[in-house]
Amino acid sequence: MRKKRVLAVILVVVLCMSLLASCGDKAKDTNSTTNNDTQTADNSNSNSNSSNDSSNSSSNTQTNNDSNSQQQQPPPAEEVVFYGVCTFEETWWDPALYMGLNDANLASAIFENLVKLQADGSVTPWLAESWDVSADGLAYTFHLRKGVQWHKGYGEFTSEDVKFSLERHLDPAVASVNAENLQMANIKSIDCPDPYTVVLNLNQIDVDLVFRLAMYYGIIVCKAHNDRDGLESMNKDPIGTGPYVFDGGTLGLRTEVVRNRDWWGEYTGNLDRVVSTYISDTNTIFAAFDNGELDSIGLYDREKMYEYQSKGYEVSYNSVRQLLYIGVNMQLPPFDDPKVREAFFYAVDVQYYLDNLFYGQETACGTYVPPTCKYALRDYFKFEYNIEKAKQLLAEAGYPNGCPMTMWSVNDALGQPPAIIAQDMLSRAGFTIDMQNVEFGVFIGQVRDGTAQMWVLYNDTDTTGDGVIIRYMSDFYPGNNWCGVLDAEYDSYVAAGMAAKTEQEKYDNYYAAQRRLMDLQVVFPVATNSMGRVSQKNVTGFESQADMGWRPTSVIKS
């Protein structure tokens, strides 16, 4: 009865937060020039055919039809066009202004970094073929790939581009939002001893420097482009070294890229052109996909994923650095009592979430740090669902007839279903829930001010996990430390990790910090969270990316 009741409520709430979504072109007449999306290719075909006709007619007017047929060249292959759709309104193409890789839907196709973050969490060479770290850990020397060309004839990529790309984050005229993400204050100087060597000299040891350089705030841009065309050009005509070249668009409406024939890397896909259009309405996106107008769409809607799977579509999943979790404020009654917090932990049935909300596509978590983050303690916490034990603990804490409390959640399609399930579970264990489903701004105000007793939320973090580990230090309450963790032991572990001189030292202290917080039972990590992608049956090759972007280089449209 419980399962039917909860799922019936959830079905009313359409869980449909679409992120990156991609779509494909319909069958086209290769000689038509009326379709804007094929204008370039069609004009090229037309010019080529005209040239051939002229050449054939002037070569020998007396040749017979068979001879003419042999001399004519076959028409060029049709351009493979891939249409995309993004559900957020892009406002810039300049990477210094990105607050996430998805701020520009095709950023990962246009731009590249010195290094690349792989799906397994490792960092591998990219524009830098290798790097060395000095014995004192204060100098990183990157050896750059030779012969890499900037788009549209801006010359060869060199060490001066790296220096320019990083230092522009400190230029007030650029108004970068990523200087802190890169920890630019810790970079004392950047040296370019030759065109293919760049040295970053640090004030203090930073064991995660290369991880930061692999993120969107480490994107390398073209110095010559800025010098020749000015700062404003960076947001009008983005120039990169990547596999696709910017080919026009309108911010907030449309971005278009074409294959970079001079790219230094290797394509495994066959897309010649990718077009991304802004569409905010998910029903419109679903209808377009159902009509065969879209090649692929990204979505969080589990019901919709299941629906497409049942129709024979293949749905793939790309893990994001995000968890569904339930949190409490240990400074507020009743959660200032350890017995009540322990009862709360026994009352959450993780397996129910995995089976009925996530349809078996997610996993339980070992800590409050997403498992795709570098410093996640992946196998520590093991959930135990025990309703009777929860009731016993509440009785011992003085709540034999029910423990009243308020639970907060965001009143959108993503936040309500897990909150409804949590309300049902906790009620069965003896908690009396006053559910508050509110706008996101109101929700943030409650938890930041330290007035929320309990909440349900999807939360994400940076690639290393530092952000979510540091936030629970005493100094951040009230504020980012929503759980009211005022614990000297936890603070000491985090502080030691932040000051670590080696990766191993940072691992040891961050692992200890996570064990301590999990033992305090203030954050219950329910499950991982992924973005699903459903594709038409003629589209294959999507690969999971650690930075949550997508690369057209591997996609095949048959």
Exercise. Is a side-chain donor-acceptor pair under 3.5 Å present for T124 with Q118?
Worked result: yes

Problem set entry | Enclosure of E505 CD (heavy-atom neighbours >12, cutoff 6.0 Å) | yes

For this session: Look only at the side chain of D412 and the backbone of G415, and say whether a donor-acceptor pair between them is shorter than 3.5 Å.
Result: yes

Exercise. Got a second to check how far I470's CD1 is from D491's CG, nearest 0.5 Å?
Worked result: 11.5 Å

Exercise. Looking at F82 and V555, what are the two nearest heavy atoms and their distance?
Worked result: CE1-CG1, 4.0 Å

Problem set entry | Distance-only side-chain donor-acceptor flag, N386 / E388, under 3.5 Å | no

Exercise. Between atom CD1 of I326 and atom CE of M454, what is the distance when rounded to the nearest 0.5 Å?
Worked result: 6.5 Å

Exercise. Does any N or O in the side chain of E256 come within less than 3.5 Å of the main-chain N or O of G249, such that one atom is a donor and the other an acceptor?
Worked result: no

Problem set entry | Minimum side-chain heavy-atom gap F345-M518 below 4.5 Å | yes

Problem set entry | Point-to-point distance, once rounded to the nearest 0.5 Å, from OG of S122 to CG of L117 | 7.5 Å

For this session: Could you tell me whether the side chains of Y375 and N509 share a donor-acceptor contact shorter than 3.5 Å?
Result: no

For this session: Check whether the side chains of N529 and Y325 place a donor and an acceptor atom closer than 3.5 Å, and report yes or no.
Result: no

Exercise. Any donor and acceptor pair, going by atom type alone, linking the side chain of Q514 with main-chain N or O of L377 inside 3.5 Å?
Worked result: yes

Problem set entry | Heavy-atom donor-acceptor pair, T255 side chain to S276 backbone, under 3.5 Å | no

Exercise. Quick check: does any side chain N or O of D349 sit under 3.5 Å from a backbone N or O of Y385, one acting as donor and the other as acceptor?
Worked result: no

Exercise. Centroid-to-centroid, F381 to F524, below 6.0 Å?
Worked result: yes

For this session: Give a yes or no on whether the ring-centroid distance for Y217 and Y98 is below 6.0 angstrom.
Result: no

For this session: Evaluate side chain to side chain donor-acceptor pair (under 3.5 Å) for Q436 paired with D434, printing each intermediate quantity in order.
Result: CA-CA 7 Å; Q436 296 292 317; D434 175 20; 3.3 Å; yes

Exercise. Does any N or O in the side chain of R533 come within less than 3.5 Å of the main-chain N or O of S316, such that one atom is a donor and the other an acceptor?
Worked result: no

For this session: Decide yes or no for Y244 and T553: does some side-chain heavy atom of the first lie under 4.5 Å from some side-chain heavy atom of the second?
Result: yes

Problem set entry | Nearest atoms (heavy-atom pairs only) where S554 meets G541 | OG-O, 2.7 Å

Problem set entry | Atom pair OG1 (T367) and OH (Y511), whose distance is rounded to the nearest 0.5 Å | 10.0 Å

Exercise. Strictly by modelled atom types, are Q416 and S409 linked by a side-chain donor-acceptor pair under 3.5 Å?
Worked result: no

Problem set entry | R551 (side chain) donor-acceptor with E543 (main chain) under 3.5 angstrom | no

Exercise. Got a sec: does the OH of Y306 have more than 12 other heavy atoms crowding it under 6.0 Å?
Worked result: no

For this session: Over all heavy atoms of both residues, which pair between P418 and L414 is shortest? Give the atoms and the distance, please.
Result: CD-O, 3.4 Å

Exercise. Would you call N538 and D295 a side-chain contact if the rule is heavy atoms closer than 4.5 Å?
Worked result: yes

Exercise. Under 3.5 Å, is there a donor-acceptor pair between the side chain of S176 and the main chain of A96?
Worked result: yes

Exercise. Under a 4.5 Å cut-off applied to non-hydrogen side-chain atoms, are F211 and K374 in contact?
Worked result: yes

Exercise. For E489 and Y493, does a side-chain donor sit closer than 3.5 Å to a side-chain acceptor?
Worked result: yes

Problem set entry | Pairwise distance CE(M407) to CH2(W455) - rounded to 0.5 angstrom | 11.0 Å

For this session: Please confirm whether the backbone N or O of V442 pairs with a side-chain atom of Q446, one donor and one acceptor, at under 3.5 Å?
Result: no

Exercise. Is any NZ, NE, NH1 or NH2 atom of the basic residue among E307 and K304 found under 4.0 Å from an Asp or Glu carboxylate oxygen of the other?
Worked result: yes

Exercise. What do you reckon, is CD of E439 surrounded by more than 12 foreign heavy atoms closer than 6.0 Å?
Worked result: no

Problem set entry | Side chain R254, main chain T277, donor-acceptor under 3.5 Å | no

Problem set entry | ring pair (Phe, Tyr, Trp, His ring centres under 6.0 Å) assessment of Y353 paired with F383 | CA-CA 12 Å; Y353 274 104; F383 73 90; over 10 Å; no

Exercise. NZ of K389 to CD1 of I387: how many Å apart, nearest 0.5 Å?
Worked result: 13.5 Å

Problem set entry | Geometric class of the Y368/Y490 ring pair [parallel <30°, tilted 30-60°, perpendicular >60°] | tilted

Exercise. Is there a donor-acceptor contact under 3.5 Å linking the side chains of D466 and T464?
Worked result: yes

